[in-house]
Amino acid sequence: MRGPHNIVRLIRTGATLERTGAMPVILDAFRAPPTVRWVLRGLCRPFAFLGYKGDPEMPPATRALTALGPAYIKFGQIMSTRPDVVGDELATQLRVLQDKLPPFPVREALRMVEEELEQPVDAIFSEFSEPVAAASIAQVHKARLRETGEAVAVKVLRPGIERAFRRDVDAFYLAARIIDLLAPQARRLRPMDVIEHFDGVVQGELDLRLEVAAGAEYAEVTKDDDGFRLPTVHWFLSGRRVMTQGWVDGISAGDVMAIEAAGHDRYALGERVLRLFLNHALRDGYFHADMHHGNLKIAPDGALVAYDFGIMGRIDEYTRRVYAEILFGFIRRDYRRVAEVHFEAGYVPPDRDVDEFAQALRSVGEPIFGMDASRISMGRLLSYLFEVTERFGMETRTELILLQRTMVVVEGVARSLNPQINIWKVAQPEVQAYVTRYVGPRALARDLVRTARVLSRFGPVLPEIAESALIAARDRRVTPSVRVENAAPAAIVFVAAAGGAAVGLLAGALLLAALL
């Protein structure tokens with residue numbers, strides 16, 4: 001429950017940040033105004049002795065968040081995906097945040113499984129192990145299905161985790177409101193938006209049915225990808241607080257020596273990781289947004305196996321096309337076209353100069369292309385690109401920030417397997433194939449057909465919409481200038497109605513030509 005009682009929790013939080021040395025680091029990362037710095041440091045310093053000490057071996061920020069508990073650990077992990085908010089340096093630190101906590105007793109897990117699945121554990125599983133992994137929100141047990149003998153992983157939420165998160169999130173909201181109140185100039189940091197984003201992500205992870213659904217959707221869209229698979233989802237053995245999926249046997253993607261010892265081609269694996277990610281992001285618009293070493297294994301047959309679908313990324317079709325054209329333009333070093341794409345997409349305000357923007361983009365691309373293969377980085381390109389677009393007035397786009405962060409992680413996995421990988425050489429055929437299929441004439445024909453279908457669905461009511469718009473425009477007439485302005489919606493409706501048939505005929509002709 002939100003209210004003043006959360007002040008006690010905030011005092012303990014501030015005291016811990018001050019005691020661990022994390023306070024100045026975080027204030028610098030958020031570029032906090034002087035007023036906020038003065039108030040926070042002044043309030044927290046006298047209470048530093050109340051703060052948790054944490055592990056002195058950790059960097060200040062990760063030390064403080066780990067000491068404060070699960071909600072703060074998860075907050076740090078999520079903020080690592082938002083370098084636009086916390087800055088690149090702190091985001092890098094937060095990506096290595098240790099998400100390891102002491103496990104809760106297995107008897108508690110068994111009780112929760114029985115309550116959630118409404119069956120005795122012995123009736124479902126012939127074996128149920130001690131915890132094999134414990135994180136901030138849940139822990140995992142290895143079990144075996146009694147009916148089939150299949151080995152499975154059972155993920156169980158921590159007892160009382162929902163209430164604990166709710167308490168801390170309420171304190172986060174109070175902190176955001178205090179920042180808004182004390183320093184209006186800090187609103188550019190959008191503290192309430194940041195907390196709302198965190199709250200939404202956490203609420204999704206606290207309902208394991210959503211992770212099951214994410215895994216099932218991901219499996220559906222990637223089922224035809226060679227050398228890639230996901231653990232089987234057991235819908236009827238999963239619920240809000242328990243999730244059951246197939247057990248993943250294999251070698252961690254981070255254990256390069258074991259991969260080589262098993263006879264796998266780690267260089268080919270490095271390229272496959274990158275190609276799969278680009279396919280999932282561009283082709284499917286749905287990608288694993290936490291694709292680090294810990295969530296990837298190499299199966300005995302050499303296939304890549306991904307798991308843990310708590311954070312997934314989604315990109316709409318239009319944004320995918322824009323992203324592909326931007327990457328393809330950089331690959332071809334056609335900076336003028338990259339600039340035009342930004343203007344066409346509305347990413348850069350139309351009052352800016354396209355030639356100046358193209359010149360700025362050249363300053364981003366050319367130094368990177370001058371690097372040797374082992375240093376070329378698409379993640380670095382995107383980071384520099386966002387810096388340039390910000391100078392030209394581009395607003396932050398959360399979906400592209402998440403894509404950038406995941407690209408950096410995927411590159412890290414690929415390079416650990418193949419240090420000499422040429423990112424552009426691997427990416428070019430995937431990006432070019434997407435552009436050929438989804439940006440050329442065939443894409444235009446498909447778009448026109450879809451447009452005609454939408455208009456045809458509204459065909460019976462288009463006359464009524466047009467009539468209502470005309471009547472409303474007539475009734476609002478006051479002056480000639482107003483008449484012209486208010487007639488615009490009606491004109492648009494008539495264009496849509498009259499153009500619907502034309503679009504349909506054109507789409508049909510193009511589709512017929514494509515088929516022939």
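Because the structure is predicted, anything quoted here is derived from the model rather than measured. Because only heavy atoms are used, hydrogens play no part in the values below, and waters and symmetry mates are left out as well, while side chains stay in.
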Original post:
Salt bridge between Arg266 and Glu260, side-chain N to carboxylate O under 4.0 Å?
Top reply: yes
Subject >> Side-chain heavy-atom pair Thr244, Phe236 within 4.5 angstrom cut-off >> reply: no
Subject >> Side chain proximity check, Glu430 to Asn279, heavy atoms < 4.5 angstrom >> reply: yes
Subject >> Full working for ring-ring contact (aromatic ring centres under 6.0 Å, His included) between Phe392 and Phe343 >> reply: CA-CA 11 Å; Phe392 278 80; Phe343 278 83; 8.1 Å; no
**OP:** Check the side chains of Tyr335 and Glu366 for a donor-acceptor pair under 3.5 angstrom, ignoring hydrogens and angles.
**Re:** yes
Subject >> Aromatic ring proximity Phe309/Tyr286, centre distance under 6.0 Å >> reply: no
Original post:
Between Met112 and Val242, which heavy-atom pair has the shortest distance, and what is it?
Top reply: O-CG2, 4.1 Å
Original post:
If you count the non-hydrogen atoms of other residues, nucleotides and ligands that lie under 6.0 Å from CD in Gln359, is the total more than 12?
Top reply: no
Subject >> Rounded distance [0.5 Å steps], OG1 in Thr13 versus CE in Met23 >> reply: 9.0 Å
Original post:
NZ of Lys297 to CD1 of Ile259: how many Å apart, nearest 0.5 Å?
Top reply: 12.0 Å
Original post:
Between the main-chain N or O of Asp290 and the side-chain N or O of Asn295, is there a donor-acceptor pair closer than 3.5 Å?
Top reply: yes
Original post:
Is there a side-chain contact between Leu269 and Val273 (heavy atoms, below 4.5 Å)?
Top reply: no
Subject >> Closest non-hydrogen atom pair between His141 and Trp247, with its separation >> reply: O-CZ3, 4.4 Å
**OP:** Measure the shortest side-chain to side-chain distance between Arg229 and Lys223 over non-hydrogen atoms and say whether it is less than 4.5 angstrom.
**Re:** no
Original post:
Could you give the distance from CG (Leu278) to OH (Tyr323), rounded to the nearest 0.5 Å?
Top reply: 6.5 Å
Original post:
With no hydrogens and no angle check, do the side chains of Glu340 and His342 hold a donor and an acceptor under 3.5 Å apart?
Top reply: no
**OP:** Mind listing the closest non-hydrogen atom pair of Ile251 and Ala262 along with its distance?
**Re:** CD1-CB, 3.7 Å
Original post:
Do the charged groups of Arg362 and Asp334 touch, with an N to O distance under 4.0 Å?
Top reply: no
**OP:** Take Arg166 and Asp199 through the test salt bridge (Lys or Arg N to Asp or Glu O under 4.0 Å) and record every step on the way to the result.
**Re:** CA-CA 9 Å; Arg166 187 73 268 156; Asp199 195 6; 3.4 Å; yes
Original post:
Between Phe104 and Arg158, does a side-chain contact (heavy atoms from CB on, under 4.5 Å) hold up when you go through it step by step?
Top reply: CA-CA 7 Å; Phe104 58 89; Arg158 287 182 171 274; 3.8 Å; yes
Original post:
To the nearest 0.5 Å, what is the distance between CG (Leu282) and CG (Leu327)?
Top reply: 7.0 Å
**OP:** Could you tell me which non-hydrogen atom of Ser136 sits nearest to which non-hydrogen atom of Ile161, and how far apart they are?
**Re:** O-CD1, 3.5 Å
Original post:
Can you check salt bridge (Lys or Arg N to Asp or Glu O under 4.0 Å) on Lys155 and Glu211, steps first, answer last?
Top reply: CA-CA 11 Å; Lys155 186 174 183 178; Glu211 185 172 342; 3.0 Å; yes
Original post:
Looking at Glu271 and Arg275, does any basic side-chain N land under 4.0 Å from a carboxylate oxygen?
Top reply: yes
**OP:** Examine the side chains of His288 and Asp308 and answer whether a donor and an acceptor come within less than 3.5 Å of each other.
**Re:** no
Original post:
Between Val322 and Glu325, is a side-chain contact (heavy atoms from CB on, under 4.5 Å) present by the stated rule, with each step listed?
Top reply: CA-CA 5 Å; Val322 172; Glu325 282 209 80; 5.9 Å; no
Original post:
Do Arg241 and Glu162 meet the salt-bridge criterion of a basic N to acidic O distance under 4.0 Å?
Top reply: yes
**OP:** Quick one: pull up CE in Met58 and OG1 in Thr66 and give me the separation to the nearest 0.5 Å.
**Re:** 4.0 Å
Original post:
Can you tell me if Gln139 uses its side chain to pair, donor with acceptor, with the backbone of Val156 under 3.5 Å?
Top reply: no
Subject >> Residues Val305, Leu230; criterion side-chain contact (heavy atoms from CB on, under 4.5 Å); working and verdict >> reply: CA-CA 5 Å; Val305 184; Leu230 307 174; 5.9 Å; no
Original post:
Without hydrogens or angle criteria, can the side chains of Ser416 and His293 be said to hold a donor-acceptor pair below 3.5 Å?
Top reply: yes
**OP:** Inspect the contact between Arg283 and Asp225 and indicate whether a charged nitrogen and a carboxylate oxygen are less than 4.0 angstrom apart.
**Re:** yes
Original post:
So, do Tyr434 and Arg320 sit near enough that their side-chain heavy atoms are less than 4.5 Å apart?
Top reply: yes
**OP:** Return the minimal non-hydrogen interatomic distance between Val409 and Met291, and the atom names on each side.
**Re:** CG1-O, 3.6 Å
Subject >> Validation row: Ile26, Leu17 side chains within 4.5 angstrom (heavy atoms) >> reply: yes
**OP:** Please assess Glu150 against Arg144 for the test salt bridge (Lys or Arg N to Asp or Glu O under 4.0 Å), listing each intermediate value before the final yes or no.
**Re:** CA-CA 5 Å; Glu150 177 190 355; Arg144 192 170 298 277; over 6 Å; no
**OP:** Walk me through it: do Thr232 and Gln245 pass the test side-chain contact (heavy atoms from CB on, under 4.5 Å)?
**Re:** CA-CA 5 Å; Thr232 305; Gln245 60 183 11; over 6 Å; no
Original post:
How far apart are the closest heavy atoms of His280 and Thr222, and which atoms are they?
Top reply: NE2-CG2, 3.4 Å
Subject >> Lys/Arg N to Asp/Glu carboxylate O, Glu127 vs Lys142, below 4.0 Å >> reply: no
Original post:
Short question: side chain of Arg272, backbone of Gly227 - any donor-acceptor pair under 3.5 Å?
Top reply: yes
**OP:** Would you check if Leu237 and Leu145 make a side-chain contact, meaning some heavy-atom pair closer than 4.5 Å?
**Re:** yes
Original post:
Under 3.5 Å, is there a donor-acceptor pair between the side chain of Tyr267 and the main chain of Ile421?
Top reply: no
Original post:
Can you tell me how far the CD1 atom of Ile298 sits from the CG atom of Leu296, to the nearest 0.5 Å?
Top reply: 7.0 Å
Original post:
Side chains of Phe287 and Ile315: does their closest heavy-atom pair fall under 4.5 Å?
Top reply: yes
Original post:
Any sub-3.5 Å donor-acceptor pair from Thr62's side-chain atoms to Pro59's backbone N or O?
Top reply: yes
Original post:
Could you go step by step and tell me if Arg314 and Glu217 meet the salt bridge (Lys or Arg N to Asp or Glu O under 4.0 Å) rule?
Top reply: CA-CA 12 Å; Arg314 196 182 296 274; Glu217 181 180 357; 3.0 Å; yes
**OP:** Could you tell me whether the side chain of Thr16 and the main chain of Tyr52 form a donor-acceptor pair under 3.5 Å?
**Re:** yes
Original post:
Do Asp284 and Tyr218 get their side chains close enough for a donor-acceptor pair, meaning under 3.5 Å?
Top reply: no
Subject >> Glu317 bridged to Arg321 by N-O distance under 4.0 Å >> reply: yes
Subject >> Asp226 atom CG, neighbour heavy-atom count above 12 within 6.0 Å >> reply: no
